[in-house]
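Computed from a prediction, not measured in an experiment: that's the story for all the values here. Throughout, protein chains are lettered first and strands after them, A, B, ... in sequence-line order, and every chain is numbered starting at 1.
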Amino acid sequence: MKPRTFGYFLREALHGLVRNRLMTITALGIITIGLFLFGIFLLLTANLRYFTTLAWKEVEVRVFLQPSVTDPATVGAQLATLPGVAKITFVPKAEGAATLERLFGQQGTLFLNDENPLPDAYTLSLAEKADPQEIAKLATAVPGVEEVICGQDFVEFLEMIIQLTLIVGLILLTLTALAVLYIVVNTIQLTVYARRKEVEIMKLVGATDSFVRWPFLLEGIILGLLGAGLAFLLLSKGYGFLVHRLRLYRRFLPLLSGGEFQTHLMVALFTMGLFFGGFGSHVSLKRYLKV
Amino acid sequence: MLIAKDLTKIFSNGVVALDQVSLTVQKGEFVFLVGPSGAGKSTFLNLVIRRDNPTSGLIAVNQQNIAFLKKKEIALLRRSIGVIFQDYKLLPQKTVYENVAFALEVIEARTRAIKERVYTVLELVGLLGKAHVLPSELSGGEQQRVCLARSLVNKPLLLLADEPTGNLDPDTSWEIMELLREINRRGTTIVMATHNREIVDQMRKRVIALDHGKLVRDTPKGGYHLEA
């Protein structure tokens, strides 16, 4: 294609958008709303994943020592070297009893009488993506270790939640994308229908399909990118406002923030906008090219 | 220039629009295609510019069988044929100049060539002074001249006219006919479908009559009716 011809297509696309203002505004509005919804689901999914990642960081492995161990620090030194262990915290048996009392009141210490049968223990904090069950297995093999508890149920529950979040998120995103694509194709089809006479005349004077298609394709792409820009603006401002308003509840409701995530959101929205606009125009035009 | 042999078109609803039509139009001829509504005149023209496919038979333009063409070849065929329509088919948002230039834009002609050619044909049809006016600001006759200018801008060897005077008053119709006669005199072959009896009778050109899809008469220098 000659550069002059591309210039002609671009000029025609821009003229088309300006000339058919009402349809342009309608299509732009629908694409923006669609991408906005898509962005909301994207934010929801990303935050759910963020939340489960944070919860994963809370997973700890509790290692109880044998009562015969006289030097817990030696065992602790070995536990600290295990792969996947980020930090170890010593919990002496007196602290264990105090924790029981804090949790269950006097009932918690009734059985203790004067003697404290609780063993000394270590709490192992895990490095990112470390497998608690694997660490528990390794810790059991360390001399002086009596028992290891890794919160198996909680770990399994968390893994299930992560998987579920991923699947549900993907399904929701796909459904939203399909719904938005359907609406966008129909909207662009309306704009093409309004200009079917123009397409017919172009074909009758000898325009090839690609010559007819290009200005419409560029119009769709421009609409898609503009819609993505508007949706991104609304989402980033709205989400920023939400994060700011909920900052006091951050401990209970942690929300993603930061520039990197914004970049991801922008890339996703602009890619979808480009695809929706381009593909929407391509599909919409197909039937009117049969002249 | 144009050959049809046993050309038949049957629509999907069973209507026989053309039934075994055979004719030959020589280069430089001016031919009227006459007949009542539904006789098959527009169908014939649509087959020539490949808006439709023939059901059977042969149709050739410039010695090329156009019954089976690829999409790209159809576009090339249309560039070699000028067409004028009863409803003008102008783009309302484009000026007279842009409407005419459009036919050259699609073949990616150079800007200077487009400018020269458009002004030449606008001068020929007498619309040089209205180059930058929108079609809605023109009379019916002027709009038909724009359509004519657009059909001529590619220097076609064959010009098809589908009821070009159908929406015009008698005086304006004659203005258009004078233009067509001049264009024909310069060497362009013209096939014109019309109901306008007066024009056909006075022009004394070749007349091909269709009725119910059949070719019923082919008279050199004939009139609208058989007796004329």
Query - Minimum-distance pair of heavy atoms, taken over all atoms of L18(B) and F44(B) - result: CD1-CA, 3.8 Å
Query raised in the report: If you count heavy-atom pairs under 4.5 Å between each of V83(B), D52(B), I107(B), T111(B) and chain A, which one has the most?
Result: T111(B)
Query raised in the report: Side chains of N47(A) and Y239(A): do they bring a donor and an acceptor to under 3.5 Å?
Result: yes
Only pairs under 3.5 Å count here: list side-chain donor-acceptor contacts from residues 223-230 of chain A, not counting sequence neighbours, and write none if there are none.
none

Report task. Salt-bridge test for D209(A) and K203(A): reply yes if a basic N is under 4.0 Å from a carboxylate O, no otherwise. Result -> yes
Query raised in the report: P92(B), G82(B), A109(B): which one forms the most heavy-atom pairs within less than 4.5 Å of chain A?
Result: A109(B)
Report task. Among K205(B), R206(B), R185(B), find the residue that satisfies the side-chain contact (heavy atoms from CB on, under 4.5 Å) test when tested with F30(B). Result -> K205(B)
Query raised in the report: Which residues pass the side-chain hydrogen bond (donor to acceptor under 3.5 Å, both in side chains) test with D131(A), sequence neighbours left out?
Result: none
**Report entry** Structural part of K71(B) lying under 4.5 Å from a heavy atom of chain A
**Finding:** side chain
**Report entry** Any residue of residues 6-14 of chain A which, by heavy atoms, sits under 4.5 Å from chain B
**Finding:** Y8(A), E12(A)
Query raised in the report: With a 4.5 angstrom heavy-atom cut-off, which part of S80(B) approaches chain A: side chain, backbone, both or neither?
Result: neither
Query raised in the report: So which part of L90(B) gets closer than 4.5 Å to some heavy atom of chain A, the side chain, the backbone, both or neither?
Result: backbone
Query - salt bridge (Lys or Arg N to Asp or Glu O under 4.0 Å) partners of K41(B), counting only residues at least two apart - result: none
Report task. Could you go through the salt bridge (Lys or Arg N to Asp or Glu O under 4.0 Å) check for E200(A) and R51(B) one step at a time? Result -> CA-CA 10 Å; E200(A) 184 197 3; R51(B) 280 178 102 173; 2.3 Å; yes
